[in-house]
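Working notes for the structure below.
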Amino acid sequence: MSIGRKSDNALIFITHHSSFITHPFQLKSSNFELPPPLSPKITCFATRKTWIAMQAEIPKNYNPAEIENKWYQYWLENKYFESKPNPDKEPFTIVIPPPNVTGVLHMGHMLNNTVQDVLVRKARMEGKEALWVPGTDHASIATEAKVVALLKEQGINKQDIGREKFLEHAFEWKEKYGGIILEQLKKLGASCDWSRTRFTMEPDLSKAVIDVFVDLYNKGLIYRGVRMVNWDPQGQTALSDEEVIHKEVRSKLYYVKYELENGQGFLTVATTRPETIMGDTALCVHPEDERYKHLIGQKAKVPLVNRWVTIIADDYIDIEFGTGVLKVTPAHDINDYNLGIKHKLQVIDVLNQDGTLSEAAEIMVGEDRFIARKKSAKMLVEQGLLENEEEITNSVGTSERTGAVIEPRISMQWFLKMEHLAKPALEVVENDIVKLHPPKFKGMYRAWMENVHDWCISRQLWWGQQIPAFYLSDGTIVVASTKAEALAIALEKHPDLVKSEADLNQDPDVLDTWFSSWLWPISVFDGFKNPDNADINYYYPTNDLITAPEILFFWVARMIMAGLEYKKEVPFTNVYLTGIVRDKQGRKMSKSLGNSPDPLDLMIKYSADGVRIGMLLSSPAGNDLLFDEKLCEQGRNFTNKVWNAFRLVKGWEADASVAKTELDELALNWLRSRINQALAESNDLFTKFRISESLHVMYKLVWDDFCSFFLEMIKPVFGQPISAQVLTETLDLFDELLRFTHPFMPFISEEIWHQLKERSEGESICISAYPSGKEVDQVLLDQVQVLVDEMLIPIRNHRNANQISPKTTLEGLTISAKYNWASSYFPLVQKLGNVGSYSFAETLTGQVFAGKRLEWSLPKEDKEISSEERQKLEAELEYVKGFLVQVDQKLSNERFVANAKPEMVEKERQKKADAEAKIAALETVLNG
RNA sequence: GGGAGCAUAGCUCAGCUGGUUCAGAGCAUCUGCCUUACAAGCAGAGGGUCGGGGGUUCGAACCCCUCUGCUCCCA
């Protein structure tokens with residue numbers, strides 16, 4: 001533009017060549033680094049940029065690392081996140097879904113905790129007494145595995161040191177390494193009240209678990225029963241389903257002959273596990289299987305042990321598999337076990353804990369199960385009972401840790417009856433007392449709650465709350481919170497069996513970790529120990545729970561049960577279910593696949609704000625998020641955009657003598673209305689937990705409306721000052737925008753908020769008021785939109801199509817006189833479209849631009865309309881003509897006119913008029 | 001085997017009570033731009049028979065039936 005500027009550039013360029021190091025600009029700049037001079041062109045470029053940056057004294061690119069640490073410290077020091085019951089304020093409470101104490105931050109946590117932080121920060125700014133309670137759960141299985149592995153490295157065996165010593169090690173481990181994840185959450189900006197951090201194994205919470213067990217036992221809801229578990233014979237422990245890896249292996253299918261009674265011959269059974277034959281207690285066929293129908297109810301002889309068993313019928317049997325006859329071994333197969341219950345079969349457990357054959361097997365006692373398999377096959381051959389052997393591939397479960405083949409094993413476990421607890425927990429969801437977001441999960445919840453199984457609450461581990469059940473010498477069970485209490489009860493009820501605590505044997509098992517977590521919303525407020533304390537009375541029930549749909553049953557449903565049972569009140573009113581974070585190919589992120597990025601690296605690369613926005617941008621409620629690092633990049637770019645808007649505004653020199661223009665006034669009024677409109681939309685979306693969409697509203701408001709449109713409207717000509725009044729009003733609106741963005745991007749909003757205006761000590765955006773939407777001038781918004789759509793964009797297109805530089809001012813624009821309302825908005829077109837003079841006229845000449853709501857023209861160029869442009873216009877004409885035909889058809893359809901709502905018919909008439917006008921206008925343009 | 005969902009632009013998804021704010025957003029792509037806040041940017045553009053078929057209706061992405069293909073939960 002100005003010659004002076006160009007010569008500045010040239011000067012720098014030359015200076016660079018001669019003496020880069022001593023360049024005066026570089027000396028002045030202490031914190032801005034110049035890139036090395038790679039080539040004259042790059043050097044020149046970088047230097048010019050540098051010069052601009054220095055002018056503003058704010059770095060061109062937002063530099064988050066230092067800023068984020070600084071503000072997090074500031075927030076902690078000022079205790080903004082700490083909460084106390086305050087009767088003057090409405091409470092807003094979230095309890096964190098306690099992450100596994102051994103865990104490190106993964107993408108799922110990032111999403112989940114970002115959502116929680118957005119909600120809690122917004123509530124805090126809205127003047128509520130906001131509390132987000134953090135903590136971890138003790139994760140029995142995962143933690144015990146870690147500690148066992150660590151001890152093993154030191155040559156220590158868990159069994160050798162005993163329970164007490166082991167727990168000492170475990171607690172030591174937890175103190176040292178546990179809860180890293182909570183530190184990581186701070187990087188994300190999580191506004192938890194850290195002074196309230198809880199842990200499910202701490203004494204108070206453990207006591208709650210034990211007391212609840214005793215209480216439920218006394219209510220008759222807890223019982224002992226058998227259950228099939230995944231047994232690792234090498235590790236000698238039960239494993240959860242998650243710890244079993246299924247592998248395809250080649251094995252043999254043995255066809256074994258069972259002799260029928262009364263000399264009717266043999267019944268052949270196909271099995272992969274002949275070593276369990278000794279545990280057979282029935283044979284089973286399909287009731288509709290013509291081959292065997294006549295044998296149902298008869299007896300067959302189990303080979304090797306020569307025991308007679310009954311042939312039963314069940315439609316569970318797959319007629320196609322093997323021979324269609326199943327040997328039923330209830331002790332060693334989960335399906336057989338269920339059959340056994342259904343048909344009341346005997347259970348013969350032929351295996352020991354270490355995988356060798358037990359006394360019950362009668363033969364090969366003490367042999368390993370795999371050797372026994374070969375031996376039994378051999379014995380069957382010898383006795384002429386092996387008809388055939390076949391190679392097959394089948395799926396075998398193996399231990400994640402030892403690699404040993406898992407043995408399904410029945411064992412004694414503790415169960416909690418669900419029926420009584422599940423019924424009210426279903427009702428509150430059905431009646432929307434607890435609302436699930438999105439509501440599609442209601443169906444899933446119902447299905448589960450109506451078919452709920454009793455909850456197996458015992459685990460064969462040491463790390464956890466040991467089950468408070470004490471066995472007397474004759475097997476009698478006494479359940480009490482402590483050994484002393486148990487002794488007292490035992491002395492009273494069974495004085496013959498008990499003298500001292502030494503006569504009480506506590507059950508070695510611990511309780512399932514969920515049995516701690518289901519009490520979480522109550523126990524974090526000491527609601528069991530001290531049921532009427534100020535915290536629980538104030539904060540319970542909590543407001544929102546944010547978690548993953550995969551634990552809707554494991555955790556959410558059970559918390560509702562516990563809440564209703566122990567507080568007679570639901571634990572929360574809203575449950576927001578986030579999606580599962582997957583990789584681009586839709587695979588679940590997992591350690592073994594190595595497809596998960598490290599969230600901390602991401603935050604270093606894109607800033608915490610950037611990652612937060614990235615996570616939320618594409619995570620509609622309940623839909624899985626196919627994570628792509630590009631999302632974080634987009635988030636970072638957004639923060640950078642805001643940063644640069646700030647740089648621009650900050651760089652303006654205010655002058656009180658400069659008057660506010662008509663355009664300034666228009667721009668300010670327009671932006672106010674837009675902000676209020678966006679706030680209303682956003683708030684509405686928040687109530688529906690459409691957080692991602694709410695972010696989109698904010699994103700577009702800031703980027704498109706504030707940066708691309710508003711700032712361009714009020715931007716002073718380079719080098720000239722801005723009206724002081726306009727700047728003040730702009731800063732106020734910027735402030736409001738920052739408060740709007742704060743829940744989504746807490747760090748950068750805080751930083752800019754402080755730089756925007758003088759703030760006093762102890763002030764923070766995170767406790768400032770959330771903007772409250774005021775009235776919206778809809779007419780203003782609509783009319784500006786018309787000008788943009790039908791004038792500004794066509795002007796820019798016209799420039800593109802005709803290679804007219806944005807710097808060339810367009811003159812002689814004429815607007816159809818019937819649209820004279822447009823004059824009050826015209827200054828914005830003049831500025832953003834670089835248009836000079838304009839006038840109104842009854843008839844338009846020259847190049848006519850006909851929109852639906854506006855018609856105007858430019859003086860006709862000498863040249864003809866380009867063929868490309870003509871083609872476009874012709875296509876448009878065709879389209880509108882086709883459209884008109886459709887509208888006409890509709891209007892000539894008597895049934896439409898008769899049945900449709902009158903306003904619908906009126907709309908169609910309007911469409912017809914619009915289309916006709918547009919056709920006329922287009923024809924004018926095309927024909928001359 | 002039983003249940004719960006999903007299918008809309010190349011990708012990820014909106015689309016609420018059936019009707020021009022109904023075919024939309026972001027990303028990606030293409031075109032033109034180093035324009036004195038931002039190339040992490042600016043100004044534009046193209047792109048979809050709403051999974052297939054049938055029905056209800058004056059009118060269907062939307063309601064009903066059916067088929068196909070995916071996902072999850074329980075077994």
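In what follows, every chain begins at residue 1, and chains take the letters A, B, ... in the order their sequences are listed. Values below: every heavy atom of this structure, side chains too, minus hydrogens, waters and symmetry copies.
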Take atom [atom1] in [N] and the same atom in [M], then report the distance between them in whole Å.
N	M	atom1	value
B:rA14	B:rA7	C1'	15 Å
B:rC73	B:rG26	P	34 Å
B:rG48	B:rA43	C1'	25 Å
B:rU49	B:rA9	C1'	13 Å
B:rU71	B:rC62	C1'	23 Å
B:rG19	B:rA60	C1'	10 Å
B:rG5	B:rG44	C1'	40 Å
B:rC27	B:rC64	P	35 Å

By nearest atom, which of the nucleotides [options] is closest to the [X] side chain?
X	options	answer
A:A645	B:rG19, B:rC72, B:rA37	B:rA37
A:I793	B:rA45, B:rA14, B:rA75	B:rA45
A:M904	B:rG19, B:rA37, B:rC38	B:rG19

Looking only at side-chain N and O atoms, does [X] come under 4.0 Å of OP1 or OP2 in [N]?
X	N	value
A:K807	B:rU35	no
A:K641	B:rC42	yes
A:N899	B:rG59	no
A:N451	B:rG2	no
A:W643	B:rG41	no
A:R796	B:rG44	yes
A:K630	B:rC11	no

Complementary nucleotide of [N], counting Watson-Crick and G-U pairs under 3.5 Å:
N	value
B:rG48	none
B:rC42	B:rG32
B:rA60	none
B:rC6	B:rG69

For atom [atom1] of [X] and atom [atom2] of [N], their distance in whole Å:
X	N	atom1	atom2	answer
A:F553	B:rC73	CZ	P	9 Å
A:L711	B:rU35	CG	C1'	16 Å
A:K715	B:rU35	NZ	P	12 Å
A:F709	B:rG41	CZ	C1'	19 Å
A:M745	B:rA40	CE	P	19 Å
A:N800	B:rU35	CG	P	16 Å
A:M444	B:rG2	CE	C1'	14 Å
A:D314	B:rA75	CG	C1'	14 Å

Of A:V897 and A:G719, the one whose closest RNA chain B nucleotide lies more 5':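 It is A:G719 whose nearest nucleotide is closer to the 5' end.
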Using 30° and 60° as the class limits, which term best fits the ring planes of [X] and [Y]: parallel, tilted or perpendicular?
X	Y	answer
A:Y699	A:F638	parallel
A:Y62	A:W643	tilted
A:W555	A:W514	tilted

Heavy atoms under 4.0 Å, any strand shown: does [X] hit a base, just sugar-phosphate, or nothing?
X	result
A:S708	sugar-phosphate
A:W652	nothing
A:L552	nothing
A:E712	base
A:A447	sugar-phosphate
A:N797	sugar-phosphate

Could one point to a donor on the side chain of A:Q634 or the base of B:rA28 with an acceptor on the other under 3.5 Å away?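 Between B:rA28 and A:Q634, which were checked side chain against base, a qualifying N/O pair under 3.5 Å is absent.
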Check ion pair [X]-[Y] (N to O, under 4.0 angstrom):
X	Y	value
A:E629	A:K605	yes
A:E908	A:K912	no
A:E633	A:K630	no

side-chain contact (heavy atoms from CB on, under 4.5 Å), that's the test. Do A:Y445 and A:L426 meet it? Break it down for me. CA-CA 8 Å; A:Y445 184 86; A:L426 173 58; 4.0 Å; yes
Of the non-hydrogen atoms in A:T808 and A:R799, which two are nearest, and what is the gap between them?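 Answer, listing the atom of A:T808 first, then A:R799: O-NH1, 2.8 Å.
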